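Report on the following structure.
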Protein chains: 2
Amino acid sequence: MSKDHISNNIRKLRFFKDEMTQQALADEIGVTRQTIVAIEKGKYSPTLEIAYRIAHVFEVELNEVFSYDHSKDKYKKRNQKK
Amino acid sequence: MSKDHISNNIRKLRFFKDEMTQQALADEIGVTRQTIVAIEKGKYSPTLEIAYRIAHVFEVELNEVFSYDHSKDKYKKRNQKK
DNA sequence: ACAATATGTAAAAAATTATATACATGAAGT
DNA sequence: ACTTCATGTATATAATTTTTTACATATTGT
């Protein structure tokens, strides 16, 4: 499952949010700093739960934090039977 | 990490979408039916990537598929020194 | 009655995400 | 120069998600 479809603005949001550090964000949502680093750098797709918690800290909607680029999707397998 | 914060309308959306089956949805987004069953039943929090793909199939926004209940959040750990 | 389809459940394995630990660098302040 | 802090990177491990396989039940159509 490709993982470069998702981008995020966590870094910007952290700075808008009074220059919140990675550690402070991690503490707020209850994960480790490593998790924040990895997500912020787009190393993998976080779980929906963590994504929601991040958005909640910044008081924005999920799509203001993350975006998914569907143009990078692979071709759908066409097997509509009817 | 608790996992009962997230609810979803996948089942309803499948039926609105011409009574799409679990298998058809799974095929569209490129996962197995088991994954759809588990997510639909709220067994765990899917990855953000799969969440986005599901929303895309139904042509709706993510928050029309999933919702996160922040009222169930645990108390934040405040001012951890380090 | 029979076959085909949709869904539910389960359990082990594979794959991915998250943690823990450690060390490096650069910036800021004293 | 020294210390502190924020970030980057790496690697091993733990935990969770996803797959694979299999079987059960109910429903629908022939």
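What you see is a predicted model; the values in this text were computed from it and never measured. Reckoned from all heavy atoms, side chains included, excluding hydrogens, waters and symmetry mates. In what follows, chains are A, B, ... by sequence order, proteins preceding strands, each numbered from 1.
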Can you tell me if the side-chain N/O atoms of [X] get under 4.0 Å from OP1 or OP2 in [N]?
X	N	value
K41(A)	dG8(D)	yes
T35(A)	dA18(C)	no
T47(A)	dA18(C)	yes
R11(B)	dA6(C)	no
R33(B)	dT18(D)	no

Can you tell me how far [atom2] of [N] sits from [atom1] of [X], to the nearest Å?
X	N	atom1	atom2	answer
I50(B)	dA15(C)	CD1	C1'	11 Å
I10(B)	dT7(C)	CD1	P	13 Å
E19(B)	dT27(D)	CD	P	15 Å
Q23(A)	dT4(D)	CD	P	17 Å
Y44(B)	dA11(C)	OH	C1'	13 Å
Q22(B)	dT9(C)	CD	C1'	12 Å
I39(B)	dT18(D)	CD1	C1'	9 Å
F66(B)	dT17(D)	CZ	P	12 Å

**Study point:** Enclosure of E64(B) CD (heavy-atom neighbours >12, cutoff 6.0 Å)
**Key:**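 Correct, the count exceeds 12.
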
Point to revise | Qualifying residue for side chain to side chain contact (heavy atoms under 4.5 Å, CB included) with Y52(A), from I29(A), L62(A), V65(A) | key: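 The option that passes is L62(A).
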
Review point. What residue among E40(B), E28(B), E19(B) forms salt bridge (Lys or Arg N to Asp or Glu O under 4.0 Å) with R14(B)?
Key: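 Filter result, single survivor: E40(B).
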
Point to revise | hbond_proxy Q34(A) side chain to dA10(D) base (donor-acceptor, 3.5 Å cutoff) | key: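 By the distance-only test, yes, there is a pair.
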
Check your understanding: Can you check whether Y44(B) reaches I6(B) side chain to side chain, under 4.5 Å on heavy atoms?
Key ->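 Y44(B) vs I6(B): side chains apart.
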
**Study point:** Note, F66(B) side chain near I10(B) side chain (heavy atom, < 4.5 Å)
**Key:**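 A side-chain contact under 4.5 Å exists here.
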
Practice item. Could you please name the option among dA6(D), dT9(D), dT19(D) that lies closest to any side-chain atom of T21(A)? Key: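 So the nucleotide nearest the side chain must be dA6(D).
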
**Study point:** Nucleotide nearest S45(A) when distance is taken to its side chain, options dT9(D), dT17(C), dA18(C)
**Key:**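 The answer is dT17(C), which lies nearest to the side chain.
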
